[in-house]
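First up is the structure itself, then whatever we jot down about it.
Just so we're clear, the structure is a prediction, and the values are computed from it rather than from any experiment.
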Amino acid sequence: MRLQRMILVGGLLSVCLGCFGVKTAGGSLRDLVGDKSQGSGDKIVGSVNGIMVGLDTYQQTIDKVMENYSGQLGGEITDPQTLIYAQETAWKQLVNRILLQEQISKYGITVTEEDIAREMKNPPTEVLRLEVFQTNGAFDAAKYLLTLNENQEFYNTIREYVIEVIPQKKLQAVIATKVDLSPDNLKAQYFRENSSMNGKAILFKYQDAGRVAVTDAEVRERYEADKETKYRKDQVSGIKYVVIRIEASEADAAKIKQEIDQIYNRILRGEDFYDLAKRYSEDPGSATNGGSLGEFGKGQMVREFEAVAFALKPGEISQPVRTSFGWHIVKCLAKGGTPSEPKVTASHILLKVEPSEATREALIAKAMTIREKAAGKGIEAVAGEYGLELKDSGLISLTDTNIPGLGQISGLRSFMRKAKVGDVSEIERDYERNLIVAQLSEIKPAYYEPFEDAEFKIAFELEKGKKIDLALAKAKEFLVANKTGDLSRAATAAGMEIVTLKNFKYGAVADKIGDSPEFTQAALDLNTGEVSQPVRTPAGAVVIIAGECHKPDQQAFMNDSAKQEEMKGHLSDAAFNKWFEELVQSAEIRDYRFRFGL
């Protein structure tokens with residue numbers, strides 16, 4: 001998939017077409033990008049490389065994403081998780097567009113009327129598939145062009161779309177100039193993507209090769225030989241941080257308890273459980289079926305819910321019970337199973353306990369206070385003051401994108417690359433949308449891993465290497481001894497491991513052998529019925545017996561310009577996606593959405 005298709009908000013189906021009842025899900029780049037001189041007041045939800053993103057712009061993008069979801073699903077969406085997903089989708093769209101616009105400006109990319117006219121003649125795939133433009137199941141260009149000429153709203157929508165797409169396509173073409181699209185590389189890539197083989201691999205495990213000895217001098221010699229390539233470490237830094245969890249307060253739980261008590265009292269007064277569950281339950285998986293959970297056994301539900309469900313008799317209804325999901329009213333419909341494995345069929349009404357707006361605001365205020373105090377007396381002292389667990393990222397290279405325990409948080413990684421020891425980060429959010437306050441605790445300049453730290457690992461690698469050498473020698477002896485016999489039968493008789501290769505391709509990993517480019521190349525170089533020489537792999541030596549092999553017709557590929565263009569597009573897309581991922585990772589992204597409960 002082309003990155004531009006992901007960036008263009010809400011799926012490309014959304015471009016089509018106001019006159020057919022579907023609207024686009026994002027403003028133009030001109031509407032999106034703010035001025036770098038904007039203030040950082042309460043209307044700013046974040047920034048990308050210093051370009052501010054306003055609350056109104058962000059909210060409009062969320063609304064349009066939700067509108068697109070509703071159009072695709074055929075109704076209003078109220079599920080909180082979908083709203084969170086829409087918020088994250090909208091944020092990524094805005095970030096991506098700003099970054100793209102910066103690059104479009106950097107490369108001086110413009111759009112001419114000729115560009116627009118040419119692009120409008122080649123509608124996106126989603127337009128091609130619209131039934132209104134189909135004749136006998138195929139796209140009818142005449143119908144499309146006729147509508148383009150006669151329907152002004154349709155024309156405007158397509159024109160607006162292509163004006164946004166063209167700069168991105170031109171940018172992708174610029175990046176593609178850095179990709180090797182020569183005939184030889186296309187042919188090699190085609191071969192890699194379309195080669196496969198079936199067969200067997202006889203594994204001579206290095207663990208079974210015998211004893212070897214490694215001297216201290218050999219270990220030292222290997223360390224010195226690999227010092228620059230393996231033991232030189234880039235600058236690293238580390239943070240200590242606290243997590244302020246966004247979770248409901250007891251006051252929030254008490255408020256929901258009052259609401260579920262009211263529902264419970266209505267049940268006691270004779271109202272139908274099924275109808276009340278359909279109307280009020282917040283469990284999307286069961287509410288539409290009157291709260292039905294079907295039959296389940298012990299260990300399938302959370303402890304508190306299970307205890308109540310199994311204690312009820314058929315027809316009985318529990319008082320409200322609280323679990324980690326919220327407050328439930330449980331109705332037992334039937335009992336089943338056996339004495340050793342009892343089961344129950346039940347329904348429930350769930351009201352989720354979630355943080356209220358007041359609770360969120362209080363937690364945000366708490367995080368801001370923690371940040372202010374950490375700047376003065378340190379994160380460790382503040383963690384103790386608030387009874388929060390102090391966590392340590394450990395030392396992380398400047399090139400790493402992942403923070404152990406937190407994942408990829410671009411704002412925090414950017415902070416770690418540029419801050420000084422003692423600096424305190426902005427408030428960031430983890431993947432669960434909890435708040436994080438961090439302090440840079442250590443910076444270690446580029447250094448060499450000490451010999452003492454690497455010594456054991458080097459000794460192990462040398463020992464393993466020598467054992468693989470022995471395994472290779474045994475594999476060669478095995479081939480000589482069984483030159484005219486059945487290799488598989490001989491290997492089985494000798495108690496060797498035989499790995500089956502089925503539809504083995506480039507990029508695949510063979511069981512028991514692991515990731516080994518040498519093994520993959522040797523296997524796919526074989527023709528049907530051939531046997532390889534012993535191949536060195538991390539697992540030991542391997543002899544490959546080829547069964548049926550498939551080799552693509554490279555000459556036919558070179559005569560097929562359409563397939564070559566498809567391959568060029570594939571390689572260009574992959575290069576563009578990789579380039580853009582690196583662009584996002586290096587961007588200065590500030591996320592203040594939490595201040596608005598978003």
Side-chain angles (χ1 to χ4, degrees), residues 184-215 218 222 225-226 230 457-558 567:
D184 286 345
N185 192 49
L186 293 178
K187 186 165 66 173
Q189 188 67 25
Y190 179 75
F191 182 84
R192 286 179 61 84
E193 292 188 4
N194 294 278
S195 296
S196 64
M197 62 89 69
N198 299 311
K200 297 178 180 179
I202 303 171
L203 174 60
F204 298 77
K205 295 181 180 179
Y206 77 85
Q207 295 95 330
D208 300 333
R211 296 177 63 85
V212 296
V214 175
T215 66
E218 288 176 313
R222 176 60 61 86
D226 294 343
K230 294 181 69 173
K457 179 171 58 178
I458 295 171
F460 173 80
E461 290 174 350
L462 287 172
E463 181 181 331
K464 179 179 177 180
K466 289 186 175 184
K467 288 184 176 182
I468 293 175
D469 289 340
L470 292 180
L472 284 167
K474 287 187 177 182
K476 290 176 182 177
E477 292 172 2
F478 173 83
L479 285 178
V480 172
N482 296 278
K483 188 181 299 184
T484 59
D486 186 321
L487 291 178
S488 295
R489 184 176 298 174
T492 300
M496 295 173 188
E497 186 105 39
I498 298 180
V499 177
T500 299
L501 304 174
K502 187 175 181 180
N503 196 29
F504 187 74
K505 300 180 177 182
Y506 284 100
V509 177
D511 186 37
K512 307 294 177 78
I513 295 170
D515 186 12
S516 172
E518 295 81 7
F519 172 82
T520 300
Q521 190 64 53
L524 291 170
D525 279 346
L526 294 174
N527 294 308
T528 300
E530 291 183 342
V531 177
S532 76
Q533 289 299 307
V535 181
R536 187 185 193 92
T537 78
V542 178
V543 172
I544 308 165
I545 306 170
E548 182 182 359
C549 298
H550 171 71
K551 308 284 187 184
D553 188 338
Q554 291 176 288
Q555 189 55 51
F557 170 74
M558 296 309 295
M567 180 62 69

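- Between atom CE of residue M558 and atom CG of residue D553 there is a gap of 11.5 Å, rounded to the nearest 0.5 Å.
- Salt bridge present: R536 and D469 bring a charged side-chain N and a carboxylate O closer than 4.0 Å.
- Other residues, nucleotides and ligands place more than 12 heavy atoms under 6.0 Å from the CD atom of Q554.
- Within the model, atoms CZ of F519 and CG of L501 stand 4.5 Å from one another, a figure rounded to the nearest 0.5 Å.
- Between E463 and K467, at least one side-chain nitrogen of the basic residue sits less than 4.0 Å from a carboxylate oxygen of the acidic one, meeting the salt-bridge criterion.
- Under 4.0 Å is where a charged nitrogen must lie from a carboxylate oxygen, and between E218 and K466 at least one such pair does.
- Side-chain atoms of N194 do not come within 3.5 Å of backbone N or O of P552 as any donor-acceptor pair.
- Salt bridge E461/K230: present, at least one basic N to carboxylate O contact under 4.0 Å.
- The OG atom of S195 sits 9.5 Å away from atom NZ of K505, with the distance rounded to the nearest 0.5 Å.
- Taking NZ of K205 as the start and NZ of K474 as the end, the distance is 13.0 Å to the nearest 0.5 Å.
- More than 12 heavy atoms of other residues, nucleotides or ligands sit less than 6.0 Å from atom CD of E530.
- The two atoms that bring I513 and P538 nearest to each other are O-CD, 4.5 Å, heavy atoms only.
- Using modelled atom types, one finds a donor on one side chain and an acceptor on the other under 3.5 Å when comparing Q521 with D525.
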side-chain contact (heavy atoms from CB on, under 4.5 Å) between D515 and T520, worked out: CA-CA 8 Å; D515 186 12; T520 300; 5.7 Å; no

Worked verdict on L479 versus V543 for side-chain contact (heavy atoms from CB on, under 4.5 Å): CA-CA 9 Å; L479 285 178; V543 172; 3.8 Å; yes

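- Two residues are said to be in side-chain contact when any heavy atoms from C-beta on lie closer than 4.5 Å; Y206 and L470 fail this criterion.
- In terms of the side chain to side chain donor-acceptor pair (under 3.5 Å) criterion, K464 has no residue partners (sequence neighbours excluded).
- Ring geometry for Y190 against F557 counts as parallel: the plane angle stays under 30°, on a 0 to 90° scale with 60° as the upper cut.
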Quick one, C549 with N527, criterion side-chain contact (heavy atoms from CB on, under 4.5 Å). Give me CA distance, side-chain angles, the key distance, then yes/no. CA-CA 6 Å; C549 298; N527 294 308; 5.6 Å; no

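- Taking CZ from R222 and CD1 from I458, the interatomic distance works out to 8.5 Å, rounded to the nearest 0.5 Å.
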